[in-house]
**Q** 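Got a structure for you, written out below as structure tokens; questions coming shortly.
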Amino acid sequence: MADEFILETSGLTKEFAGFFAVRDVALKVRRGHIHALIGPNGAGKTTCFNLLTKFLKPSAGQIRYKGQDITSMAPADVARLGLVRSFQISAVFPHLTALENVRVALQRQHGSSFDFWRSKNVLDRFNPRAHELLNDVGLSEFANTPAVEMPYGRKRALEIATTLALDPEMMLLDEPMAGMGHEDIDKIAALIKRISAKYTILMVEHNLSVVANLSDIITVLTRGQVLAEGNYADLSKDERVKEAYLGA
Ligand code: ADP
């Protein structure tokens, strides 16, 4: 089936002054899957992620999203097609409430002028959807809390809500569990699982128990290349994968 894979790369390569951070990577992300990209430090995960989100330009290769070649497309145009990277917390406005943050994201997506962001029309138009999105990520009780006063894990959930406001079909999550304690990890894992019913997800994640619990499929990178691909049970028995992690 032509659209079985929502995102595909072929020959994806990034060279920094003669050093191949990513080399000839063929990645296929199946629609509806949670797909994890893992590998020891220096394996090329971040570089790969930055190529997919268009923050870096590949030295060679192709990226196709929904059958369309997006290799040379600008990040904003890619986002408009529904392939969206989750924002970093720094993109959340600290002094706006959770509700206002999501509403501003919705306004941006729908081209509504930023200057009038508190007008009655705007509130009537965007508040219902903003509340819905906060509810989807389990943040209803924080609707009127300024982002700056929210606990770290909840802020990450808010970051995901502002990403969902962009109406994605596929989300790219960069270490969604970074810097979190157990409780927050469990909550964000449950959230990712929940939203994966609607969206395809590709994530880079260091926490292997999270990867084991969440992923439908895992691609292991080492030295910029794909070493192995499969589910966690298979990969954890793979000698090459064990060696790559031990040798790191
Ligand atoms: P990972 O995210 O898996 O830890 P990275 O993608 O950050 O790996 O890095 C892969 C390799 O590419 C590393 O050896 C790193 O030093 C190198 N690298 C990454 N970015 C650059 C850059 N801008 N210039 C030169 N080398 C880089």
Side-chain angles (χ1 to χ4, degrees), residues 7-29 33-65 70-75 78-79 83-91 152 156 159-160 163 170-180 185 188-189 192 200-232 234-236 238-248:
L7 185 79
E8 287 182 71
T9 72
S10 55
L12 193 63
T13 298
K14 183 67 186 178
E15 184 189 338
F16 294 110
F19 174 79
F20 287 90
V22 169
R23 188 170 211 161
D24 202 18
V25 166
L27 189 69
K28 284 181 166 207
V29 180
H33 266 182
I34 299 182
H35 192 131
L37 197 56
I38 69 167
N41 273 339
K45 304 181 295 295
T46 307
T47 305
C48 203
F49 198 83
N50 285 332
L51 291 170
L52 296 176
T53 54
K54 322 310 304 295
F55 280 64
L56 281 176
K57 207 171 159 301
S59 312
Q62 211 191 32
I63 308 170
R64 297 179 76 79
Y65 173 71
I70 60 161
T71 319
S72 310
M73 217 179 252
V78 172
L83 175 59
V84 171
R85 171 187 200 141
S86 79
F87 290 118
Q88 297 306 310
I89 283 180
S90 53
Y152 181 78
R156 299 287 324 228
E159 174 194 313
I160 290 177
T163 309
M170 176 166 179
M171 293 178 74
L172 299 163
L173 304 177
D174 190 6
E175 294 194 38
M177 309 300 175
M180 285 188 187
I185 287 178
I188 296 290
I192 291 174
T200 306
I201 292 173
L202 177 69
M203 63 176 181
V204 170
E205 181 51 53
H206 279 293
N207 185 322
L208 289 185
S209 65
V210 166
V211 168
N213 285 332
L214 283 180
S215 314
D216 295 297
I217 188 150
I218 301 164
T219 300
V220 186
L221 287 182
T222 49
R223 300 197 183 95
Q225 293 185 290
V226 174
L227 176 75
E229 194 166 80
N231 63 31
Y232 192 81
D234 292 340
L235 291 178
S236 56
D238 188 319
E239 290 304 323
R240 295 168 310 156
V241 175
K242 282 191 212 166
E243 203 175 300
Y245 268 90
L246 291 175

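Numbering of ligands and ligand atoms starts at 1, following listing order. Just so it is clear, the model here is predicted, and its values are computed rather than measured.
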**Q** Got a sec, which pairs hit side-chain hydrogen bond (donor to acceptor under 3.5 Å, both in side chains) with one end in residues 47-63, sequence neighbours left out?
**A**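 Sorted pair list: Asn50-Arg85, Thr53-Arg85, Gln62-Asp69.
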**Q** Which atom pairs, donor and acceptor, lie under 3.5 Å between side-chain atoms of residues 209-216 and protein residues at least two apart or in another chain?
**A**
| from | atom 1 | to | atom 2 | distance (Å) |
| --- | --- | --- | --- | --- |
| Ser209 | OG | Asn207 | OD1 | 2.9 |
| Asn213 | ND2 | Ser209 | O | 3.2 |
| Ser215 | OG | Val211 | O | 2.7 |
| Asp216 | OD2 | Ile34 | N | 2.7 |

**Q** Out of curiosity, Arg156 CZ to Ile185 CD1, how far, rounded to the nearest 0.5 Å?
**A**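 Between atom CZ of Arg156 and atom CD1 of Ile185 there are 11.0 Å.
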**Q** Evaluate Ile38 against Tyr232 for side-chain contact (heavy atoms from CB on, under 4.5 Å), listing each step before the verdict.
**A** CA-CA 11 Å; Ile38 69 167; Tyr232 192 81; 5.8 Å; no
**Q** Who passes side-chain contact (heavy atoms from CB on, under 4.5 Å) against Leu227, sequence neighbours left out?
**A**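 Only Val220, Thr222, Arg240, Val241, Ala244 meet the side-chain contact (heavy atoms from CB on, under 4.5 Å) criterion with Leu227.
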**Q** Using only atom types and a distance under 3.5 Å, with no angle test, would you say the side chain of Lys45 pairs donor to acceptor with the backbone of Leu221?
**A**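 Here the side-chain-to-backbone pair does not exist.
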**Q** Below 4.0 Å from any atom of ligand 1, which residues have a heavy atom? Give them in chain and number order, please.
**A**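 These residues qualify: Phe16, Phe19, Ala21, Pro40, Asn41, Gly42, Ala43, Gly44, Lys45, Thr46, Thr47.
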